[in-house]
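Step one of this worksheet: look at the structure below.
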2 protein chains.
Amino acid sequence: MKTRERIIQASWELFNKHGERNITTNHIAAHLNISPGNLYYHFRNKEEIIRCIFNLYEQQLQEHFQPYIAEIVDAELFISYFDALFDTLWEYRFMYNNLADILSRDESLKTNFQLSQKQWAQQLCQNYIQLQQDGILNIHEEEIEPLVDTIIMVANFWISYKFTQSLSPIGSISKGSLYEGILRVLLLMQRYAAPGTEEIFEKTAEYYHSQEMSNKLSLETHGIME
Amino acid sequence: MKTRERIIQASWELFNKHGERNITTNHIAAHLNISPGNLYYHFRNKEEIIRCIFNLYEQQLQEHFQPYIAEIVDAELFISYFDALFDTLWEYRFMYNNLADILSRDESLKTNFQLSQKQWAQQLCQNYIQLQQDGILNIHEEEIEPLVDTIIMVANFWISYKFTQSLSPIGSISKGSLYEGILRVLLLMQRYAAPGTEEIFEKTAEYYHSQEMSNKLSLETHGIME
DNA sequence: GTCTATAGTTGGATAGAC
DNA sequence: GTCTATCCAACTATAGAC
């Protein structure tokens with residue numbers, strides 16, 4: 001692997017493990033057994049590394065939340081969407097650990113972030129309109145936007161929230177806590193469930209409850225490569 | 001006013017205005033026209049200043065969310081509670097701007113924060129049980145905790161969320177945006193409104209909509225003393 | 001491309017005079 | 001209590017040799 005690529009991978013891992021704030025360019029270089037000077041040969045500064053990781057994030061967000069083409073809406077479809085959300089939160093958890101802080105230090109990153117958030121919101125709105133038309137959600141047109149906005153807020157800050165409520169240091173959120181967040185998002189949707197769709201929501205909830213349980217005690221702080 | 005007191009007040013104002021992260025002990029001293037050495041005579045470090053402000057926060061939280069004693073539950077009662085929430089968010093917005101970050105730098109502050117959050121959650125649960133018994137909320141016993149937890153989460157991170165979604169720099173959230181957050185919390189409650197209580201929720205919402213509108217364009221970044 | 005060495009900056013914190 | 005002067009640590013970033 002090229003050095004530039006290795007720097008990105010190592011930064012990503014270290015950020016997730018210890019928190020972006022606690023990892024300096026020196027740490028990254030030391031971890032790779034290269035010199036700080038070498039790192040600065042490949043990147044102008046730490047922000048540029050973060051921006052590279054962010055580009056991958058942006059891509060993942062766009063790919064994962066396209067309109068669904070399934071003919072029948074069932075728990076399986078729900079789970080595929082929520083799993084996509086879970087993966088994004090887990091793989092980029094260092095960003096969610098410290099979103100406001102990271103964005104406040106890089107104007108251009110903030111602008112890009114807002115753009116991709118806006119697109120994500122639109123994609124979600126599309127998904128929810130589809131769900132309404134398919135008779136899954138009993139929701140008024142004008143209620144969709146606030147719901148999506150709330151869900152995005154919960155998704156974006158769940159990790160920070162769990163950190164403030166737990167003993168563990170930044171970077172050590174468990175997968176179990178993340179599944180709890182997924183369940184919370186599901187709960188927000190469920191308040192708009194159309195009659196007769198109980199089974200879909202219940203089966204989905206059941207699935208994530210079992211995921212939550214089997215990941216509760218694992219306090220693993222592995223990087224993204226596991 | 002004693003110097004110690006003036007340091008607290010000045011820090012508080014500056015934190016709210018520019019973000020806690022951007023204010024150093026030097027800034028605080030300069031703002032008061034005292035020397036850094038003098039500041040360090042009164043406080044061991046910046047964390048100690050923050051802890052003092054936090055103690056005031058804790059107190060306010062406890063006082064403001066006692067069980068209600070009103071005989072009839074109406075929009076006025078709702079508004080008095082939401083106003084208390086608004087005041088807390090507004091006056092201590094520098095904390096909410098950067099909660100995870102501040103807590104990650106001070107283990108003992110984090111412990112205290114968690115304790116007061118727990119108490120606040122219990123107080124809110126009590127309030128909601130009361131509302132259920134008074135026939136305002138149509139909610140199962142076991143649904144109260146997740147609802148309160150979601151509301152606390154939204155309350156704690158609304159300011160950070162609005163920052164990530166807006167152009168303005170940290171510390172410059174408008175009162176209008178905060179009222180929007182209050183409305184969002186109200187919306188979460190409203191999904192559990194008992195039949196016949198529509199008027200209470202609607203009148204409350206109407207009130208905060210008007211507040212939101214009249215504070216929307218004011219981008220004022222005044223301190224807490226205004 | 002990569003290294004060593006080092007300059008520059010900032011913010012936290014203290015010593016000692018007044 | 002307050003000031004001046006200064007130190008220290010951490011981190012960013014660059015220069016120049018190999």
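In what follows, chains are A, B, ... by sequence order, proteins preceding strands, each numbered from 1. Please read all numbers here as calculations on a predicted model, not as lab measurements.
- Going from atom CG of N26(B) over to atom C1' of dT10(C) covers 9 Å, rounded to whole Å.
- The residue S35(B) sits close to a base: some heavy atom pair falls under 4.0 Å.
- Here the P atom of nucleotide dT12(D) and the CD1 atom of I23(A) are 11 Å apart, to the nearest Å.
- Atom CZ of R44(A) is separated from atom P of dT12(D) by 16 Å (rounded to the nearest Å).
- Remark: Y40(A) is not in phosphate contact with dT14(D), judged by side-chain N or O atoms under 4.0 Å from OP1 or OP2.
- The phosphate of dT2(C) has OP1 or OP2 within less than 4.0 Å of a side-chain N or O from H42(A).
- Per the geometry, NZ belonging to K2(B) stands 7 Å off P belonging to dG1(D), to the nearest Å.
- In this structure, K110(B) contributes its side chain and A100(B) its backbone to no donor-acceptor pair below 3.5 Å.
- Judged by closest nucleotide on DNA chain D, N22(A) is the one of N22(A) and Y41(A) placed further toward the 5' end.
- Note: NZ (K46(A)) to P (dT12(D)) measures 6 Å, nearest angstrom.
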task = Determine, stepwise, if the pair F201(B) / F78(B) fulfils ring-ring contact (aromatic ring centres under 6.0 Å, His included).
result = CA-CA 8 Å; F201(B) 286 95; F78(B) 267 42; 5.3 Å; yes

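- N33(B) comes within contact range of the sugar-phosphate backbone alone, with a heavy-atom separation under 4.0 Å but no base atom that close.
- No donor-acceptor pair under 3.5 Å is formed between the side chain of Y57(A) and the backbone N or O of T88(A).
- Distances were taken from every side-chain heavy atom of N38(A) (C-beta onward) to each of dG12(C), dG1(C), dC3(D); the shortest belongs to dG1(C).
- Look at T24(B) and you won't find any side-chain N or O under 4.0 angstrom from OP1 or OP2 of dT10(C).
- Side-chain N or O atoms of E48(A) include one that pairs as donor or acceptor with a backbone N or O of R44(A) at under 3.5 Å.
- When the C1' atom of dT12(D) is taken as reference, atom CD of E48(A) falls 14 Å away, rounded to whole Å.
- Rounding to whole angstrom units, NE2 of residue H27(B) and C1' of dG12(C) are separated by 13 Å.
- Nucleotide dG1(C) holds its P atom 11 Å from the CD1 atom of I7(A), rounded to whole Å.
- Taking the six-membered ring where the residue is Trp, the centroids of W12(B) and F15(B) are separated by 6.0 Å or more.
- Contact check, T25(A) against dT12(D): a side-chain N or O comes under 4.0 Å of OP1 or OP2.
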